[in-house]
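So the structure is just underneath, and the comments pick up after that.
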2 protein chains.
Amino acid sequence: MVAVELDRSGATPLWRQVREHLLARIGAGEFDRHFPGELALVEEYGVSRQTVRQALRDLRADGTVVAERGRQPRVAAPAEITQPVGALHSLFAAVEAAGLAQDSVVHRLEVHADALVAERLGLEASTPLVHLERLRLAGGDPLAIDRVWLPAATARPLLDADFRHTSLYAELHRATGLRVEHGREEVRAVLPTAAERARLRCGAGTAALSITRLGWARGVPVEWRHTLVRGDRFALTADFSGRDGYRLTGSPR
Amino acid sequence: MVAVELDRSGATPLWRQVREHLLARIGAGEFDRHFPGELALVEEYGVSRQTVRQALRDLRADGTVVAERGRQPRVAAPAEITQPVGALHSLFAAVEAAGLAQDSVVHRLEVHADALVAERLGLEASTPLVHLERLRLAGGDPLAIDRVWLPAATARPLLDADFRHTSLYAELHRATGLRVEHGREEVRAVLPTAAERARLRCGAGTAALSITRLGWARGVPVEWRHTLVRGDRFALTADFSGRDGYRLTGSPR
DNA sequence: TAGCTTCAAATGTACAGACATTTGGAGGTG
DNA sequence: CACCTCCAAATGTCTGTACATTTGAAGCTA
């Protein structure tokens, strides 16, 4: 039980005060084991059930708390952070859905400076960067050449990671706590160089999708990525509609 | 006043019955001039105000009706139909934003049958189709080869349209009242054929984006479109984030 | 006519009470 | 132990009432 003081004369409605108070208590972890029912809250806050329900309405709607008839109410599992889905994720999900096993051959995993990439990341030209270069395979066949640069200041722990089977973003989060929250992608059609064709084992008549991506986390750029995907066997698909906008196939929800 | 019969013993709650009934009446245009207040609905339906408010909650949340303290309630302006933004729209918007004038050379505008396309549209192989083929120019330079097929049964009025400067979808809506509401796109990287290279006036070392699109309106496929965009000068860009998902640059909002 | 007051309409907020329905566990029974 | 019954807890639904606040228009006044 918590001593609660509601301002019954002020301008903010009671239900809003209750909601904010509950949010604070949820944030403090007070309800991790048990969330009180409506009637308990009625007693605790000294307001009517209607007021409590109004306070809970938003919390229930956005999934902060879960309430069902008969069941014990509970605080929702800490909102799963949905990884933003980009063109690459969509591609790899499609490969996965096709039942093809995916793995990678790590060609480079080192620290060096690259003035061009540093500039794109908004960093000094001499800033050390972690550079990861992989050949991605789908069902044993080359799918893409994947090059990523990240600021070494934060990404240095990645040097010890095994990137043959795990995703960059999983490793990044594990090793540094960072998650790419948003960013920008550019998709263009290019002709692979002879060297790239050789590594992708595709013929001269094959085009490729070039996907470049600048990813941000906590307000700063944290990755610059350039992926070259064979155009003869893989494509991007997307559904569009007025209601849902543009959704790459393989996106959740 | 409408004679309303609510089922007070059935399984569907009163507020849901009221909501559905109101939705139907809104759809019938009954409230175009005046939407009744909560108390009027209480009287009319013979339920409590709380029930009416619950019924109105969703309608207000999604903007179907607008209610503010003191003001007369009203049915919202018929939701502006937002044209779904696809890769092509995004591309052309980017060209526009770059200050380049856009126009087209119409290479074909005719009715014929095409078994392959008809199948993709879910039609009989012999179904007549309106076929429009344009070379799209940006600032006088070739940008894309744009081919569209639409069922002639609905799209025949388009044969009289001038497609040199106007968009397909504007003409489609003007001439037939149809709007593409949703659909699916596929983006892949290809190597243009020699003939296509000649028309796009690009060299042998140039790849292209192949964008195919199946568009639906009123529950049936209404367009199959195949656009080949020069890869050397144009790219797709998109912003992604956990909150907003994947949004092609040039998208509204 | 400009400005003010007054008032009806409409929604927002809040309380109290009642019954229905669903769930899960406690406790008894074979 | 398996199964059943019963019941407490929790939310869903519904009614009735009351007062506060905001808006816009009608009506009055200088």
Side-chain angles (χ1 to χ4, degrees), chain A residues 1 4-23 25-26 30-76, chain B residues 1 4-23 25-26 30-76:
Chain A
M1 183 71 80
V4 195
E5 296 157 18
L6 297 182
D7 176 9
R8 298 187 88 94
S9 58
T12 53
L14 289 182
W15 63 264
R16 189 181 298 271
Q17 298 179 48
V18 172
R19 189 187 64 182
E20 298 312 312
H21 198 254
L22 284 175
L23 263 178
R25 293 169 76 183
I26 290 170
E30 182 182 341
F31 299 133
D32 286 355
R33 284 189 7 203
H34 172 80
F35 191 86
E38 294 175 358
L39 295 180
L41 293 173
V42 164
E43 279 234 355
E44 184 173 352
Y45 284 97
V47 297
S48 73
R49 187 164 164 226
Q50 146 123 337
T51 304
V52 167
R53 281 175 70 81
Q54 173 72 47
L56 290 174
R57 189 164 286 134
D58 294 345
L59 302 182
R60 287 168 172 171
D62 68 20
T64 305
V65 302
V66 179
E68 286 167 281
R69 239 185 203 169
R71 304 221 179 141
Q72 290 293 327
R74 56 194 165 79
V75 173
Chain B
M1 183 71 77
V4 194
E5 295 157 16
L6 297 182
D7 176 9
R8 299 187 88 94
S9 57
T12 52
L14 290 182
W15 64 264
R16 190 181 297 271
Q17 297 179 49
V18 172
R19 189 186 65 183
E20 298 312 312
H21 197 254
L22 285 175
L23 263 178
R25 294 170 76 183
I26 290 170
E30 183 180 341
F31 300 133
D32 287 354
R33 283 190 8 204
H34 171 80
F35 192 85
E38 294 176 358
L39 296 180
L41 293 173
V42 164
E43 278 233 358
E44 183 173 352
Y45 284 98
V47 297
S48 74
R49 187 162 165 226
Q50 147 121 337
T51 303
V52 167
R53 282 176 70 79
Q54 173 72 45
L56 290 174
R57 189 163 287 132
D58 294 345
L59 302 182
R60 287 167 172 172
D62 68 19
T64 306
V65 302
V66 179
E68 286 167 282
R69 239 186 203 169
R71 305 227 177 133
Q72 290 294 325
R74 55 195 166 79
V75 174

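These numbers were taken from a predicted model, which means no experiment stands behind them.
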Subject >> For Asp32(B), all residues meeting side chain to side chain donor-acceptor pair (under 3.5 Å), sequence neighbours excluded >> reply: none
Original post:
Roughly how far apart are Gln17(B) CD and Tyr45(B) OH, rounded to 0.5 Å?
Top reply: 10.5 Å
Original post:
What is the distance from CD of Glu38(A) to C1' of dT13(D), rounded to the nearest Å?
Top reply: 12 Å
Subject >> Between dA26(D) (C1') and Gln72(B) (CD): distance, integer Å >> reply: 14 Å
Original post:
In B/S/- notation, 5' to 3', how is nucleotides 13-22 of chain C contacted by protein heavy atoms closer than 4.0 Å?
Top reply: BBB--B--BB
**OP:** Specify the separation, in whole Å, of atom CZ of Arg74(A) and atom P of dT23(C).
**Re:** 14 Å
**OP:** Quick one: list whatever passes side-chain contact (heavy atoms from CB on, under 4.5 Å) with Arg8(B), sequence neighbours left out.
**Re:** Leu14(B), Val47(B)
Original post:
For His34(B) and dA25(D), what is the distance between atoms NE2 and P respectively, to the nearest whole Å?
Top reply: 14 Å
Original post:
Going by distance alone, is a donor N or O of one side chain under 3.5 Å from an acceptor N or O of the other, for Arg57(B) and Gln54(B)?
Top reply: yes
Original post:
Does Arg49(B) have any salt bridge (Lys or Arg N to Asp or Glu O under 4.0 Å) partners at least two apart in sequence or in another chain, and if so, which?
Top reply: Glu38(B)
Original post:
Partners of Arg71(B) by salt bridge (Lys or Arg N to Asp or Glu O under 4.0 Å), sequence neighbours excluded?
Top reply: Glu68(B)
**OP:** For residues Phe31(B) and Pro36(B), determine if any side-chain heavy atom of one lies less than 4.5 Å from a side-chain heavy atom of the other.
**Re:** yes
Subject >> Minimum heavy-atom distance between Thr64(A) and Leu23(A), given as atom pair plus value >> reply: CG2-CD2, 4.4 Å
**OP:** Pull out every residue in residues 59-68 of chain B that has a heavy atom closer than 4.0 Å to any atom of DNA chain D, ordered by number, or say none.
**Re:** none
**OP:** Give the rounded distance in Å between these two atoms: CG of Leu41(B) and C1' of dA9(C).
**Re:** 14 Å
Subject >> Spacing between Leu39(B) atom CG and dT15(D) atom P, to the nearest angstrom >> reply: 14 Å
**OP:** Would you mind reading off the distance between Glu43(B) atom CD and dT15(D) atom C1', rounded to a whole angstrom?
**Re:** 15 Å
Original post:
Do Arg74(A) and Arg33(A) touch side chain to side chain, with heavy atoms closer than 4.5 Å?
Top reply: no
Original post:
To the nearest Å, how far apart are Arg57(B) CZ and dC14(D) C1'?
Top reply: 13 Å
